[in-house]
Q: 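Supplied in structure tokens, the structure appears directly below.
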Amino acid sequence: AVNHVHSATGVGVRGDTKSINTTYKNGTYYMEDRTKYMYSQKGSTINTYTFNNGTSSQYYMTDADNTWNASTQRAAVDAHYYAGKVYDYYYNSLGRNSYDGNGHAIISGVRYSSRYNNAFWEGTQMVYGDGDGSTFIALSGAYDVVAHELTHAVTEYTSGLVYSYQSGALNESWSDAMASVMDSNDWLIGEDVYTPGISGDALRSMSNPAAEGQPAHMNQYVNTSSDNGGVHTNSGIPNKAFYNFATSIGSRSIAGKIWYTASRDYMTSSTNFSGARAATLSACAALYGSGSSYYTSLKNAWSAVGVY
Ligand SMILES: Cc1cccc(C(=O)O)c1OC(=O)C1CC1
Ligand SMILES: [Zn+2]
């Protein structure tokens with residue numbers, strides 16, 4: 001195969017079978033995807049590793065027969081598969097080549113620590129816990145989780161929103177918004193890996209933030225110093241604005257393109273909620289004109305959550 005590139009069969013966190021891109025070298029197969037534009041451009045790949053439930057060293061994911069169906073491989077199969085889908089969305093739909101815009105390699109590490117109910121962008125890579133099996137199952141098992149984490153990296157290279165108070169809530173919200181564009185069959189975040197014993201709930205709801213304990217209006221903004229100034233709480237307000245806008249114009253992809261353009265061209269590290277409104281309006285005007293129906297809908301979407 002070209003560059004030893006193979007498409008393999010893998011089984012994901014929830015037992016679902018999917019095709020993943022692997023590389024054959026040194027007599028075995030690696031969870032290394034060489035099929036993206038960035039590989040031909042600069043040799044960059046999507047690579048997925050395992051912490052094997054440690055917290056310091058990462059180890060290659062290898063498989064002798066390229067059938068990735070062991071239970072210990074499931075979190076890696078999904079981290080790898082969904083990272084490829086998120087790369088494809090940013091490249092094909094938004095014209096962005098990886099999170100830095102210049103084909104940077106995409107690294108994920110799964111099985112971080114033990115019973116770890118968390119996922120995060122570590123600054124150079126994504127890291128996923130296995131969950132404790134009650135609050136979460138392995139967190140890479142959800143498309144919207146992977147899209148959320150990789151969008152944290154996009155945010156670092158675009159707006160650079162500081163991860164505290166209003167700019168931090170926007171940082172969180174932009175990750176949820178782009179995740180909802182890619183994982184587009186509901187307005188829930190994390191539902192596929194959250195509380196396996198409870199159906200219908202989610203980590204967050206963009207259509208009804210209050211359902212998962214978040215404010216949905218500026219007059220419910222939570223002033224707190226915990227969680228870096230409530231970044232996972234107050235994100236409900238811009239999340240609701242995104243929901244309002246996407247549903248009013250009938251297109252998540254157009255709403256997502258405006259949100260991405262706002263982050264890339266009009267937002268900075270200290271942008272607050274009012275500044276985010278202005279930035280999305282500027283992006284909307286640049287893309288579709290200030291006389292477009294989208295522009296009016298966008299103003300209404302923000303005013304409905306009390307942001308001017
Ligand atoms: C589960 C979790 C805990 C703490 C921070 C994050 C974080 O990445 O901000 C986190 O992941 C998410 O929010 C993803 C979207 C489900
Ligand atoms: Zn986040």
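Residue numbers count from 1 along this sequence. Please read all numbers here as calculations on a predicted model, not as lab measurements. We count ligands from 1, going down the list as the structure has it; atoms in each ligand are counted the same way.
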Q: Any chance you could measure S180, atom OG, to R204, atom CZ, to the nearest 0.5 Å?
A: 11.5 Å
Q: I want to know whether Y163 and H152 have ring centres closer than 6.0 Å.
A: yes
Q: State, yes or no, whether a side-chain contact exists between V86 and Y143 at a heavy-atom distance under 4.5 Å.
A: yes
Q: Taking non-hydrogen atoms within less than 4.0 Å of ligand 1, which protein residues qualify?
A: N118, A119, F136, L139, V145, H148, E149, H152, Y163, E172, I189, L203, R204, H232
Q: Parallel, tilted or perpendicular: which fits the ring planes of Y157 and H104, with parallel below 30° and perpendicular above 60°?
A: tilted
Q: Just the protein N/O/S atoms under 2.8 Å from the Zn ion (ligand 2), please, no waters.
A: H148 NE2, H152 NE2, E172 OE2
Q: Quick one about S134 and D132 (side-chain donor to acceptor, distance below 3.5 Å, no hydrogens or angles considered), yes or no?
A: no
Q: Taking Y112 as the fixed residue, which of Y49, Y128, F120, Y59 is the one that meets the ring-ring contact (aromatic ring centres under 6.0 Å, His included) rule?
A: F120
Q: Is there side-chain contact between L188 and E212, with at least one heavy-atom pair below 4.5 Å?
A: no
Q: Would you say that more than 12 heavy atoms from the other residues, nucleotides or ligands in this model lie under 6.0 Å from the NZ of K18, or not?
A: yes
Q: Tell me whether the rings of Y91 and Y87 are parallel (<30°), tilted (30 to 60°) or perpendicular (>60°).
A: parallel
